[in-house]
Amino acid sequence: MSSIAELDKNMQGNFDYKEEEIRWISLQEPGVRVSGLLAFEEDGSLHRIPGKYREILGEVNENLVILGENSAGGQISFCSNTGCLWIRARLKAAPELCHMAPIGQGGFDCYVGRDRKDMVCLGVSMFELTKEEYQCEMVPREAVEDFRAGCLAEDREREAPVFEFLINLPLYCSVEHIELGIDQDAVIEPPSPYEREGSLVLYGTSITQGACATRPGLCYASLLSRKLNLRTYNFGFSGNGLGEPGMGELLTEISNPLLYVLDYEANAGDQKRHAGCLESTLEPLIRQLKSAHRHTPVVVVSKFPYVFELLSPKKKENWERLRRFQRETVERLKEELGGIWFIDGKELFPEGVDGLTVDNVHPTDLGFACMTEKLLAELSGILQVTI
């Protein structure tokens, strides 16, 4: 019997091993910018937590160290006139989550444009699922040719041989090695600058980390990063967003934070596993951030309602209670400290959540798009960034 991939070429992977016309470059190539990974800035590893805090957080919650190796939020950017883009990657382990697309968990996607505010996704890594190491033609030559033709059709007076490339790293895998494949004679130039110096810092749960976006560029952290054109750190820790003081210390050490987003109710508000955690950590965490960065805005985002909470009166009552608690905490601390905002999770999704989550908890791509629309409207105003 023929396989689906044999019946439909669009279902085939894009992994190949021909290298005759490819020049492989490392992430240390002049002009390549890696952002969103604190450990890379320290020692070149593609992790979110640097060495010092692996020790500190390991004593508080060893799960943070494991999840901190996931490359969620990591981005590779550069400008080039290459006609295609390949990627060679080695993961610590192959994707294994049953409710998440392999590309989102362990793959890459690539956006291409004339600058960071004019980008479209032109390719993804479709790899052999059982393998921890793979090589893919991520952006095929035909895609670049079509994109170039479209740019020239829009503006015939302006040639656009050099495009900006933005690669989003896997959300739920640890990446041990990456090489990029470009045309032999292609140039590599630095990417366009961010809208502003500094960083958007997101802290939260599996939803913040990116579950269950089908590819890395579609979780809300990645969407905000592109829309706002800001360096972004994704500190979403699946099942382990608990507001520990050690995590707060890490967040305060990020140089020049432009805005903090605290979106961790989904874990810390879990009454079965962490009863009282949100209530005991939210105020200390806000005070910790504001003490270190007095003028940096802090935004608290409450959780959107799960289907269970809309069905069960008891669960709905608890969701409403935690929602009120966060709002009241923000209002009280805002009077004292200033620069603190609350975003109501009830407004992140339109009425009814059916079809906006994969498993009644984690957003689909459409769910992330809805969240981003609301968050973007609020955050751009706080930051005074034009979108």
Side-chain angles (χ1 to χ4, degrees), residues 23-50 69-82 84-90 107-125 138-139 144 147 160-171 174-183 186-202 210 215-217 219 221-235 253-259 383 385:
R23 173 165 65 97
W24 292 97
I25 63 173
S26 73
L27 300 185
Q28 284 70 41
E29 180 83 8
V32 174
R33 181 177 70 199
V34 179
S35 61
L37 301 172
L38 281 182
F40 185 86
E41 299 168 14
E42 177 187 76
D43 60 18
S45 60
L46 296 167
H47 300 163
R48 294 183 288 167
I49 298 179
E69 293 183 356
N70 295 168
S71 57
Q75 294 182 338
I76 303 167
S77 303
F78 58 91
C79 290
S80 180
N81 60 348
T82 186
C84 65
L85 180 66
W86 290 60
I87 192 162
R88 179 186 285 165
R90 183 173 70 248
F108 302 76
D109 61 14
C110 182
Y111 286 74
V112 181
R114 286 178 282 197
D115 56 54
R116 283 180 61 88
K117 289 191 173 182
D118 176 33
M119 308 194 90
V120 295
C121 182
L122 288 192
V124 298
S125 60
M138 186 161 57
V139 180
V144 177
F147 186 75
V162 175
F163 293 124
E164 181 150 354
F165 290 77
L166 187 157
I167 302 167
N168 293 291
L169 274 63
L171 299 171
S174 302
V175 181
E176 297 186 334
H177 180 74
I178 297 174
E179 290 177 78
L180 303 175
I182 59 176
D183 289 341
V187 299
I188 294 289
E189 300 175 353
S192 59
Y194 289 111
E195 180 78 15
R196 189 180 301 174
E197 288 297 319
S199 303
L200 174 65
V201 184
L202 309 175
R215 50 184 178 82
C219 68
S222 297
L223 290 167
L224 288 175
S225 177
R226 290 197 305 280
K227 296 289 187 180
L228 294 170
N229 188 22
L230 295 174
R231 181 188 305 274
T232 302
Y233 291 99
N234 182 341
F235 290 111
E253 284 210 4
I254 295 173
S255 61
N256 193 15
L258 296 173
L259 185 147
L383 288 166
V385 172

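It should be emphasised that the depicted structure is a prediction, and the values quoted were computed from it without experimental measurement.
Residues I76 and L180 meet the side-chain proximity criterion, which asks for heavy atoms closer than 4.5 Å. No side-chain heavy atom of L258 sits under 4.5 Å from any side-chain heavy atom of L200. With a 4.5 Å cut-off on side-chain heavy atoms, S77 and F165 do not count as touching. Looking at heavy atoms from C-beta onward, L85 lies in side-chain contact with F78 at the 4.5 angstrom threshold. The closest side-chain heavy-atom distance from N168 to R215 is not below 4.5 Å. By the 4.5 Å heavy-atom criterion applied to side chains, S225 and R116 are counted as neighbours. Side-chain contact check for V175 versus P170: some heavy-atom pair is nearer than 4.5 Å. Residues N70 and S174 form a side-chain contact, since some pair of their non-hydrogen atoms from C-beta on lies under 4.5 Å apart.
In this structure, R48 CZ and F235 CZ are separated by 7.5 Å, a value rounded to the nearest 0.5 Å. Rounded to the nearest 0.5 Å, atoms OG (S192) and CZ (R114) are 13.0 Å apart. Here the straight-line distance linking atom CD of E179 with atom CD of E29 works out to 11.0 Å at 0.5 Å rounding. Atom CH2 of W24 is separated from atom CD1 of I182 by 10.5 Å, given to the nearest 0.5 angstrom. In this structure, NZ on K227 lies 14.0 Å from CD on E195, to the nearest 0.5 angstrom. The line from CG of L223 to CG of L228 is 10.5 Å long, rounded to the nearest 0.5 Å.
Nearest approach of S35 to R231, heavy atoms of both residues: CB-NH1, 3.3 Å. For the pair P191 and G31, the tightest heavy-atom approach, listed with the atom from each and the gap, is CD-O, 3.4 Å. Annotation for G217 and Y111: closest pair O-OH, 3.6 Å, computed over non-hydrogen atoms. Between P50 and L38, the closest heavy-atom pair is CD-CB, 3.7 Å. For G210 against L171, the heavy-atom pair with the smallest separation is O-CD1, 3.6 Å.
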(message) Please evaluate residues L383 and L230 with respect to the criterion side-chain contact (heavy atoms from CB on, under 4.5 Å), reporting the C-alpha separation (whole Å), side-chain torsions for both, the decisive distance (0.1 Å), and the verdict.
(response) CA-CA 11 Å; L383 288 166; L230 295 174; 3.7 Å; yes
(request) Applying side-chain contact (heavy atoms from CB on, under 4.5 Å), run through H47 and F40 and close with a yes or a no. (result) CA-CA 6 Å; H47 300 163; F40 185 86; over 6 Å; no
(request) Please lay out, stage by stage, how N256 and S199 fare under the test side-chain contact (heavy atoms from CB on, under 4.5 Å). (result) CA-CA 7 Å; N256 193 15; S199 303; over 6 Å; no
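Looking only at distances, no side-chain donor or acceptor of R226 sits under 3.5 Å from a matching main-chain atom of L166. Judged by distance alone, with hydrogens and angles left aside, the side-chain atoms of N81 form a donor-acceptor pair with the main-chain N or O of V187 at under 3.5 Å. With hydrogens and angles disregarded, no donor-acceptor distance shorter than 3.5 Å links the side chain of S80 to the backbone of I188. Checked by atom type and distance alone, the side chain of S71 never pairs as donor or acceptor with a backbone atom of L46 at under 3.5 Å. Side-chain atoms of R88 do not come within 3.5 Å of backbone N or O of G181 as any donor-acceptor pair. Of the possible polar contacts, one joining the S222 side chain to the P216 backbone as a donor-acceptor pair under 3.5 Å is found.
When each of L37, D109, V34, N234 is checked for a side-chain contact (heavy atoms from CB on, under 4.5 Å) with L169, only L37 meets the rule.
Other residues, nucleotides and ligands contribute at most 12 non-hydrogen atoms within 6.0 Å of the CD atom of E197.
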